[in-house]
Amino acid sequence: MRSPHKTTVANPAALLELVGAELGASGTRSITQDQVHTFADVTGDHQWIHVDVQRARSGPFGTTIVHGFFTLALVPLLLADILEVESYSMGVNYGLDRVRFVKPLPPGTEIQATATLVSATPIDGGVQAKAAVVVEFAADGQTCCAAESVFRYYA
């Protein structure tokens, strides 16, 4: 497990100076089977590999696995643990570039994320930035999910 640490900047413009920098590592989190069931209900994705605990024991992973999109949905939360912009009027998740679900995540497994700032560009009223976020298994650092998160901070 990596020691959690974050980068704090005063305002969105300060991101322009951090391109290429590793921003930090989040604290650990885990997803429960109950949360997986709730996600399945919300999204309508009741694939047995996610929700049928008994059947999944004899399936390809030996257990249920967290939906890839559930893991992806945690990226903004994990990134907030890594990057803090102290003064801004609004932050927006603008989108995603390259996303990969590299290794299945069993419920109850601790994960953490690391992030590197890939780009930062001035936009009208703020900064658009992209961070390469890697969600890792906390125990051994293996990649679970990798995504390039694009976000905007407005001054």
Side-chain angles (χ1 to χ4, degrees), residues 1-9 12 14-85 91-121 127-153:
M1 181 175 95
R2 297 176 192 249
S3 296
H5 59 284
K6 75 164 49 174
T7 296
T8 302
V9 296
L15 293 171
L16 300 171
E17 302 300 317
L18 292 178
V19 174
E22 183 176 310
L23 299 174
S26 73
T28 60
R29 301 205 183 262
S30 62
I31 300 166
T32 66
Q33 186 64 50
D34 285 343
Q35 289 172 308
V36 170
H37 285 290
T38 300
F39 188 86
D41 289 342
V42 169
T43 62
D45 182 354
H46 291 93
Q47 173 63 247
W48 65 268
I49 61 173
H50 304 301
V51 298
D52 190 334
V53 174
Q54 285 295 99
R55 184 175 178 190
R57 285 190 182 124
S58 60
F61 308 111
T63 183
T64 55
I65 59 170
V66 175
H67 301 77
F69 283 110
F70 190 170
T71 306
L72 184 62
L74 294 176
V75 166
L77 176 67
L78 295 166
L79 190 55
D81 230 13
I82 297 169
L83 175 64
E84 179 181 359
V85 178
V92 177
N93 291 316
Y94 191 69
L96 297 162
D97 287 342
R98 192 174 188 276
V99 175
R100 297 291 182 267
F101 304 114
V102 179
K103 185 174 178 185
L105 172 62
T109 305
E110 286 193 328
I111 56 172
Q112 69 180 150
T114 61
T116 300
L117 193 63
V118 175
S119 65
T121 308
V127 172
Q128 177 171 303
K130 181 190 316 187
V133 180
V134 178
V135 180
E136 302 174 337
F137 291 88
D140 62 13
Q142 289 186 49
T143 300
C144 169
C145 173
E148 292 179 344
S149 178
V150 183
F151 48 93
R152 290 180 169 185
Y153 282 104

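To the nearest 0.5 angstrom, Arg98 atom CZ is 11.0 Å from Lys130 atom NZ. Atom-to-atom distance recorded for Leu74:CG and Leu79:CG is 12.0 Å, nearest 0.5 angstrom. Note that OG1 of Thr28 is 5.5 Å distant from CE of Met1, once rounded to the nearest 0.5 Å. Distance CD/Glu136 to OG1/Thr143: 5.5 Å, rounded to 0.5 Å. Between Ser119 atom OG and Leu18 atom CG the span is 12.5 Å, to the nearest 0.5 Å. With rounding to the nearest 0.5 Å, the separation of CG in Leu15 from CZ in Arg152 is 13.5 Å.
Across every non-hydrogen atom of Ala56 and Trp48, the tightest pair is CA-CZ3, 3.8 Å. Considering all non-hydrogen atoms of both residues, Gly27 and Asp81 come closest at N-OD2, 2.8 Å. Among all heavy-atom pairs drawn from Leu72 and Cys145, the shortest one is CD1-SG, 4.4 Å. For the pair Leu16 and Ala120, the tightest heavy-atom approach, listed with the atom from each and the gap, is CD2-O, 3.5 Å. Pairing each heavy atom of Thr109 with each of Phe137, the nearest pair is CG2-CD2, 3.5 Å. Considering every non-hydrogen atom in both Leu105 and Cys144, the closest pair reads CB-SG, 3.7 Å.
Glu84 pairs in a side chain to side chain contact (heavy atoms under 4.5 Å, CB included) with only one of the listed residues (Thr8, Thr7, Val9, Leu23), which is Thr8.
For the pair Gln142 (side chain) and Lys103 (backbone), a donor-acceptor distance under 3.5 Å is absent. Using a distance-only test at 3.5 Å, with no hydrogens or angles considered, a donor-acceptor pair links the side chain of Ser26 to the main chain of Ala113.
Within 6.0 Å of CZ on Phe69 lie no more than 12 heavy atoms contributed by other residues, nucleotides or ligands.
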Please assess Leu77 against Arg29 for the test side chain to side chain contact (heavy atoms under 4.5 Å, CB included), listing each intermediate value before the final yes or no.
CA-CA 10 Å; Leu77 176 67; Arg29 301 205 183 262; 3.5 Å; yes
Would Leu78 and Val133 count as a side chain to side chain contact (heavy atoms under 4.5 Å, CB included) if you check the C-alpha gap in whole Å, the side-chain angles of each, and the deciding distance to 0.1 Å?
CA-CA 9 Å; Leu78 295 166; Val133 180; 5.5 Å; no
Please report the C-alpha distance between Phe70 and Asp45 in whole Å, then the side-chain angles of each, then the deciding distance to 0.1 Å, and finally whether the side chain to side chain contact (heavy atoms under 4.5 Å, CB included) criterion is met.
CA-CA 11 Å; Phe70 190 170; Asp45 182 354; over 6 Å; no
The test is side-chain hydrogen bond (donor to acceptor under 3.5 Å, both in side chains); show your working for His46 and Asp52 and say whether it passes.
CA-CA 9 Å; His46 291 93; Asp52 190 334; over 6 Å; no
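Using a 30° and 60° split on the angle between ring planes, His50 and His67 fall in the parallel class, below 30°.
Put simply, the side chain of Pro107 reaches to within 4.5 Å of the side chain of Val66, judged on heavy atoms.
Gln33 pairs by the side chain to side chain donor-acceptor pair (under 3.5 Å) definition with His37, Thr64, not counting sequence neighbours.
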